[in-house]
Amino acid sequence: MNFKCISDLKSNLSTEYNIDPGLIDIVPELCPRDQGMDLTVNCFRLARQFKSNPVDLAKKVVDFLNSHSETEDVECVKAFVNITLTAKALYRDTVAVEQAILDDGLIPASDQEKILIEFSAPNTNKPQHLGHIRNNVLGRALCALFSRVGHDVTAVNLVNDRGIHICKSMLAYQRFGANKSPSDSDKKGDHFVGDFYVKFEREFQKQLDKIREENASLHDQSNQALFLNTEIGKAARELLVSWEKGDREVMSLWKLMNSWVLEGFNQTYERMGIQFDHTYFESDTYKLGKTLVLDGLEDGIFNLTADGAVEIDLTDVGLDKKVVLRKDGTTVYITQDIGTTFQKYSDHAPDRMLWIVGDEQIYHFKVLFAILQKMTLTCSDNLMHIPYGMVNLPGGKMKSREGTVVDADNLFDEMAELAHASTTERCRSSIPENIEERAEKIGMGAVKFMLLKVNAKTTLTFDPEASIKFEGDTGPYVQYAYARIASILRKFERENNNSNRKIDWEKLDSKEEKFVALQCARYGAVLKKSAADCDPAYLANYLLDLTKNFNRFYKNHSVLSAKNGSLKITRLELCKRVQIVLKDGLSVLGIETLEAM
RNA sequence: GCCUCGGUAGCUCAGCUGGAUAGAGCAAUAGCCUUCUAAGCUAUGGGUCACAGGUUCGAAUCCUGUCCGGGGUACCA
């Protein structure tokens, strides 16, 4: 939003108060709807910059703007200066230049960075659920957002493909799998493997119950503590040992099962519109972590504990001591992150590295960053963990044991089905040919928007009953506005009334039209703030606002039956601006637009 | 215990670099389809912004304390 009268005000005040104009920042806000004017300059806030009394300053601002040729009306309430602009100035400074609306979202070249973002990071033992979708959708949106404002973004996945959890599903497959493959059962590979993980857990639980029954003294011990007391737990551990030794048969099963899972994940990623520039595998990087730690031990960054484990003392930076290699020499969770991070740095040399990982790992990342700093990773001052909250169900957490996990693929299917039913209902007489495609876009739009409109860090509640609607603050609501505009444009073309009328913005004199224009002009600033705050929700909520304003305009002013050709053409132009912003904004959120709904 | 994030309408959430009478959506109620798609629009009701202090001309927003909830505090991942 760059209004001439505001920049003139800035020069005027800088002279008046003898302050360098570069130090003055006047950001006008949209005037609250019920005030009926266009812009507001908040002199309470502005007064601080001039170390002046808000009311006195407001008086000066009013005097200046009153005499400005581009204002129609200026009012002062307390120290809020409300401005009504001339139509000419308003549209010139908001929507007249299409490209300017989009370009306003770009940050200066000097602020552009090379950013590496790691997200998704799935385990290859079971299919992804709603919690993972939140991660994926958020990560994808942040990548698009950073890239949209001008950063150079590299998206990276880290596949968690080794460890005891992987061995559990492998063991169950060995016992119950009968050498079948996903294609035999017509299942996606990740679901196929996940079923064996569940089988393992069931068998383990059965054995646990038996052990506890037979030995009352074990009653109070946790499942994990009793893991090796069970036959199947012991067997899984042995499998892990064989894996680490590189046993040929075990490795080949591991590779086979992982390939099934990854094939399944790829389908899900594709459906979500997610691509990675690089995929790392923990099975490749954990050894590098160990090597780096051993080097660091020689350099005195790490030290040996009495029983032979390797640890680092972080008490000088307000954290605790942290073990990075067990006394038996095996790596722990954080060790592979150390290895992966150095690997990522040497592959891509980013200015900044981000991790999209759940908020339960905030402490983990604090420790990781402190370690990397001590190991003097080049960009260790620019490491950021972007935490997000869990997705709960109305009854509480999702629990796989109780079967209350919202499976990603199922959810997508259900949403698409509902969108399909809804479209069929609406179109009764003429079911569109591309109904499947439409239903998919609408269903996915609904899921993604639902996850992105809420601030990432809040723990969100997913109510399957309520969240499945396509009305109100939803993705389809925004998509629908886009489709309506597309429909207007089509009809206009069909009627072929391309009279040589000129665009005349001054014809748009209603408050609905002005609000739409003003709202469009905010887009660039919204993108920049959204990116700076790493918060796609801000953008999502803006798109809802813009859509709401557009719908009010749509309801009150017909485009195609406008009084005269010039008005029609100009309203059409305004619609195009809205359409462009909606498409651009939705695409950042990973949501597709439809030409008809 | 300590650390951390939260508590805003019946429900789900905005608002939080202090500023106008606290906003949306859902749900409820009442309207609007011979006019560009009603997945829409309009209206009504609904709030001691957890509680108590403090700072300020002004606090949902900042500070302190209390209560309640999530998460963390592993040689688990």
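The sequence lines fix the lettering, A, B, ..., with proteins before strands; numbering per chain opens at 1.
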Students often get this wrong, so: under 4.0 angstrom with heavy atoms, is [X] touching a base, only sugar-phosphate, or nothing?
{"X": "P32(A)", "value": "base"}
{"X": "V454(A)", "value": "sugar-phosphate"}
{"X": "I442(A)", "value": "base"}
{"X": "A596(A)", "value": "base"}
{"X": "Q35(A)", "value": "base"}
{"X": "D533(A)", "value": "nothing"}

Taking only the [atom1] atom of each, what is the distance from [N] to [M] in whole angstrom?
{"N": "rC62(B)", "M": "rG25(B)", "atom1": "C1'", "value": "30 Å"}
{"N": "rA20(B)", "M": "rG58(B)", "atom1": "C1'", "value": "11 Å"}
{"N": "rA22(B)", "M": "rU8(B)", "atom1": "C1'", "value": "8 Å"}
{"N": "rC49(B)", "M": "rA24(B)", "atom1": "C1'", "value": "16 Å"}
{"N": "rC16(B)", "M": "rG72(B)", "atom1": "P", "value": "29 Å"}
{"N": "rG45(B)", "M": "rA38(B)", "atom1": "P", "value": "27 Å"}
{"N": "rU48(B)", "M": "rA43(B)", "atom1": "C1'", "value": "27 Å"}
{"N": "rG71(B)", "M": "rA27(B)", "atom1": "C1'", "value": "31 Å"}

Pi-cation contact, Y542(A) with R522(A) (under 6.0 Å, within 45°): no
Ring-face cation contact, F515(A) with R552(A), 6.0 Å cut, 45° max: no
Whether the [X] and [Y] side chains hold a donor-acceptor pair (N or O, under 3.5 Å, no angle test) is what I'd like checked.
{"X": "N160(A)", "Y": "E282(A)", "result": "yes"}
{"X": "T124(A)", "Y": "N258(A)", "result": "yes"}
{"X": "N136(A)", "Y": "Q128(A)", "result": "yes"}
{"X": "K290(A)", "Y": "T331(A)", "result": "no"}
{"X": "E513(A)", "Y": "H557(A)", "result": "no"}
{"X": "N551(A)", "Y": "Y480(A)", "result": "no"}
{"X": "N125(A)", "Y": "S169(A)", "result": "no"}

If you check the [X] side chain, which of [options] turns out closest?
{"X": "K397(A)", "options": "rU12(B), rC75(B), rG70(B)", "result": "rG70(B)"}
{"X": "T40(A)", "options": "rA20(B), rG40(B), rC13(B)", "result": "rA20(B)"}
{"X": "K366(A)", "options": "rU37(B), rC3(B), rG72(B)", "result": "rC3(B)"}
{"X": "K322(A)", "options": "rA20(B), rA74(B), rU37(B)", "result": "rA74(B)"}
{"X": "T305(A)", "options": "rC75(B), rA20(B), rA77(B)", "result": "rC75(B)"}
{"X": "Y363(A)", "options": "rA77(B), rC75(B), rU73(B)", "result": "rU73(B)"}
{"X": "L560(A)", "options": "rG71(B), rC36(B), rA77(B)", "result": "rC36(B)"}
{"X": "T461(A)", "options": "rC13(B), rA77(B), rC36(B)", "result": "rC13(B)"}
{"X": "Q361(A)", "options": "rU21(B), rG71(B), rA77(B)", "result": "rA77(B)"}
{"X": "A483(A)", "options": "rA20(B), rU37(B), rA77(B)", "result": "rU37(B)"}

Would you say [N] has OP1 or OP2 under 4.0 Å from some side-chain N or O of [X]?
{"X": "R484(A)", "N": "rA38(B)", "answer": "yes"}
{"X": "Y477(A)", "N": "rC41(B)", "answer": "yes"}
{"X": "S487(A)", "N": "rU37(B)", "answer": "yes"}
{"X": "K457(A)", "N": "rG6(B)", "answer": "yes"}
{"X": "T459(A)", "N": "rG7(B)", "answer": "no"}

Distances for protein N/O vs nucleotides 22-28 of chain B N/O pairs under 3.5 angstrom?
{"from": "rA24(B)", "atom 1": "O3'", "to": "K548(A)", "atom 2": "NZ", "distance (Å)": "3.4"}
{"from": "rA24(B)", "atom 1": "O2'", "to": "D473(A)", "atom 2": "OD1", "distance (Å)": "3.4"}
{"from": "rA24(B)", "atom 1": "O2'", "to": "D473(A)", "atom 2": "OD2", "distance (Å)": "3.2"}
{"from": "rA24(B)", "atom 1": "O2'", "to": "K548(A)", "atom 2": "NZ", "distance (Å)": "2.8"}
{"from": "rG25(B)", "atom 1": "O4'", "to": "D473(A)", "atom 2": "OD1", "distance (Å)": "3.4"}
{"from": "rG25(B)", "atom 1": "O4'", "to": "D473(A)", "atom 2": "OD2", "distance (Å)": "3.1"}
{"from": "rG25(B)", "atom 1": "O2'", "to": "D473(A)", "atom 2": "N", "distance (Å)": "3.3"}

Aromatic ring of Y554(A) stacked on base six-ring of rG40(B), 5.5 Å, 30°: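 Check failed, Y554(A) does not stack on base of rG40(B).
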Value in whole Å for how far the [atom2] atom of [N] lies from [atom1] of [X]:
{"X": "N303(A)", "N": "rC75(B)", "atom1": "CG", "atom2": "P", "value": "14 Å"}
{"X": "L30(A)", "N": "rG15(B)", "atom1": "CG", "atom2": "P", "value": "16 Å"}
{"X": "D320(A)", "N": "rG72(B)", "atom1": "CG", "atom2": "P", "value": "17 Å"}
{"X": "H364(A)", "N": "rC75(B)", "atom1": "NE2", "atom2": "P", "value": "13 Å"}
{"X": "N392(A)", "N": "rC13(B)", "atom1": "CG", "atom2": "P", "value": "9 Å"}

Side-chain donor/acceptor of N551(A) to base of rA38(B), under 3.5 Å: no
Would you call [X] and [Y] a salt bridge, taking side-chain N to carboxylate O under 4.0 Å as the test?
{"X": "K576(A)", "Y": "E573(A)", "value": "yes"}
{"X": "K234(A)", "Y": "E238(A)", "value": "no"}
{"X": "D38(A)", "Y": "K514(A)", "value": "yes"}

5' priority, RNA chain B, between D359(A) and G308(A) [closest heavy atom]: D359(A)
Nearest-nucleotide 5' precedence on RNA chain B, D307(A) against T423(A): T423(A)
Secondary-structure stems, RNA chain B, at least 3 Watson-Crick or G-U base pairs under 3.5 Å: B:1-7 with B:67-73, B:10-13 with B:23-26, B:28-32 with B:40-44, B:50-54 with B:62-66
Glycosidic conformation of rC33(B), taking syn as within 90° of 0 and anti otherwise: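 With its glycosidic angle within 90° of zero, rC33(B) counts as syn.
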Backbone of V357(A) reached by a side-chain donor or acceptor of H385(A) within 3.5 Å: yes
Under 30°, 30 to 60°, or over 60°: which ring-plane class applies to [X] and [Y], parallel, tilted or perpendicular?
{"X": "F44(A)", "Y": "F80(A)", "value": "perpendicular"}
{"X": "F369(A)", "Y": "F365(A)", "value": "tilted"}
{"X": "W254(A)", "Y": "W243(A)", "value": "perpendicular"}

RNA chain B contacts among residues 42-58 of chain A, heavy-atom distance under 4.0 Å: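 Of all residues in residues 42-58 of chain A, the ones placing a heavy atom under 4.0 Å from RNA chain B are F44(A), R45(A), R48(A).
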